[in-house]
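I have placed the structure first, in the form of structure tokens, so that the comments after it can refer back to it.
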Amino acid sequence: MKILAVEAIPFAVPYRKPLRFASGEVHTADHVLVRVRAEDGVVGVAEAPPRPYTYGETQTSIRAVVDTVFAPDLVGLSVFDRERIHAVLDRTVGNPAAKAAIDMAVWDVLGRRLGVSVTDLLGGWTDRMRVSHMVGFAPDDVMVAEARRMRDEHGVTTFKVKVGRRPVSLDTGACRALREALGPDVELYVDGNRGWTPSEAARALDEMADLGLTLSEELVPADQVLGRRWLTARTPFPTVADESATRPGEVTRELLDGAATMISIKTARTGFTGSQRVLHLCEGLGAEVVMGNQIDGQLGTACTVVFGAAHRSTSARAGELSNYLDMADDLLTEPLRIVDGELRVPSGPGIGVEIDPDKLQRYRTDRVGRR
């Protein structure tokens with residue numbers, strides 16, 4: 001099962017509305033489809049979502065590093081040579097989404113070749129996950145309406161609220177409006193995308209102390225070392241490290257320094273192999289985890305639920321699996337569906353999904369693919 005080719009195909013799908021958060025906003029999903037072609041005609045796929053505001057990757061840089069750095073040295077390796085594959089990927093600094101997509105596409109090939117779901121290959125704990133929905137910046141009534149719609153139409157009862165605006169009352173007021181509108185049975189937690197200072201974050205959490213929040217994520221930049229440690233020590237619920245803890249070494253640093261007590265795992269930046277290493281590290285250190293989302297499309301979301309459902313720890317909490325609903329279209333032949341607040345693992349081998357060739361032709365942006 002040698003790798004015959006690794007392809008990076010740019011595509012662009014518009015969002016139904018701009019997605020806004022403290023570190024920036026996006027209007028179009030300018031992502032990259034990574035395909036790994038192996039012997040016997042088996043093709044594995046995964047999605048690389050660039051996040052220049054967070055990791056510095058762009059659609060152009062992902063294509064370039066895949067085409068010119070990774071692919072030449074991956075061709076000829078067996079898809080079973082996972083350590084050798086990662087030795088190739090580890091030679092560069094950064095490029096997390098590009099590396100993750102290659103890793104997941106290789107796992108997709110393995111699953112397809114063996115006729116087994118990647119969920120079963122990774123652990124096989126369950127076949128579904130509860131869904132958490134991200135509520136982005138908007139007027140309070142719009143945020144409330146979106147959360148109500150997700151609860152009424154999809155059965156979602158866990159919401160991640162984007163915060164980090166100034167003055168902090170904009171966000172504390174929004175969280176209060178959500179709690180009052182949705183009642184005590186809905187779970188709310190907050191994500192600041194590094195938007196506040198430690199003192200601002202402390203003031204905001206104090207103002208929301210009666211709202212029953214369950215988590216706080218990246219309220220303060222990672223380089224505010226003492227401030228993050230101080231904030232975490234005074235916060236009565238878990239503090240989640242996300243973009244500050246993308247590799248095992250960073251995870252160890254954040255947890256042992258007291259800057260965080262919980263870790264967000266995103267397959268879009270650590271693939272299946274790296275995500276499992278992070279998960280096992282967290283289990284060894286006694287830290288909880290949550291499955292995050294990098295504003296993935298349906299293919300990326302399928303990867304998240306495939307990994308999250310495979311393990312007891314990652315499936316214990318609702319995973320962030322609904323951002324794809326903000327996209328006007330997607331590339332899959334069969335769309336993902338959230339029912340009764342849950343998303344099931346796709347039923348096919350590998351990741352379990354198929355790319356619609358007509359949709360790929362319509363949305364790909366390289367010259368070769370244009371009609």
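Every value quoted in this text rests on a predicted model; they were computed, and no experiment measured them. When a residue number appears, it is its place in the shown sequence, counting from 1.
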query: Are any of the side-chain heavy atoms of Leu114 and Leu121 separated by less than 4.5 Å?
result: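 They are in side-chain contact.
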- prompt: Taking the side chain as C-beta and beyond, is there a heavy-atom pair between Leu205 and Leu219 under 4.5 Å?
  reply: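 Leu205 reaches Leu219 side chain to side chain.
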query: When Glu254 is tested against each of Arg228, Arg229, Arg247 for salt bridge (charged side-chain N to carboxylate O under 4.0 Å, His left out), which residue passes?
result: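 The salt bridge (charged side-chain N to carboxylate O under 4.0 Å, His left out) with Glu254 is passed solely by Arg228 among Arg228, Arg229, Arg247.
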Classify the side-chain pair [X]/[Y] by whether it contains a donor and acceptor separated by less than 3.5 Å.
{"X": "Thr333", "Y": "Glu354", "answer": "no"}
{"X": "Thr246", "Y": "Tyr55", "answer": "no"}
{"X": "Thr119", "Y": "Trp125", "answer": "no"}
{"X": "Asn95", "Y": "Thr92", "answer": "yes"}
{"X": "Thr270", "Y": "Ser275", "answer": "yes"}
{"X": "Thr58", "Y": "Thr60", "answer": "no"}
{"X": "Glu57", "Y": "Ser61", "answer": "no"}
{"X": "Asp296", "Y": "Thr301", "answer": "no"}

- prompt: Of all residues at least two apart in sequence or in a different chain, which pass the ring-ring contact (aromatic ring centres under 6.0 Å, His included) check with His311?
  reply: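 Per chain and number, His311 pairs via ring-ring contact (aromatic ring centres under 6.0 Å, His included) with Phe307.
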message: Using a strict threshold of under 4.0 Å (side-chain N to carboxylate O), is an ion pair present between Lys359 and Asp330?
response: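 So Asp330 does not pair with Lys359 through a salt bridge.
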field: Pairing of Arg16 and Asp326 as salt bridge, 4.0 angstrom limit
entry: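 Not counted as a salt bridge, because no side-chain N and carboxylate O are separated by less than 4.0 Å.
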- prompt: Quick one: which of Lys162, Glu217, Glu218 gives a side-chain hydrogen bond (donor to acceptor under 3.5 Å, both in side chains) with Asn193?
  reply: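 Of Lys162, Glu217, Glu218, side-chain hydrogen bond (donor to acceptor under 3.5 Å, both in side chains) with Asn193 is met by Lys162 alone.
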query: Does the side-chain contact (heavy atoms from CB on, under 4.5 Å) test come out yes or no for Arg317 and Thr214, once each step is laid out?
result: CA-CA 11 Å; Arg317 298 190 60 85; Thr214 57; 3.8 Å; yes
- prompt: Taking atom CG of Leu331 and atom CG of Asp358, what is their separation to the nearest 0.5 Å?
  reply: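 So the CG of Leu331 and the CG of Asp358 are separated by 11.5 Å.
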- prompt: Between atom CD1 of Ile85 and atom OG of Ser78, what is the distance when rounded to the nearest 0.5 Å?
  reply: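 Reported value, rounded in 0.5 Å steps: 7.0 Å.
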task: Before giving the answer on side-chain hydrogen bond (donor to acceptor under 3.5 Å, both in side chains), spell out for Ser132 and Tyr189 the whole-Å C-alpha distance, their side-chain angles and the decisive distance to 0.1 Å.
output: CA-CA 10 Å; Ser132 171; Tyr189 61 102; 3.0 Å; yes
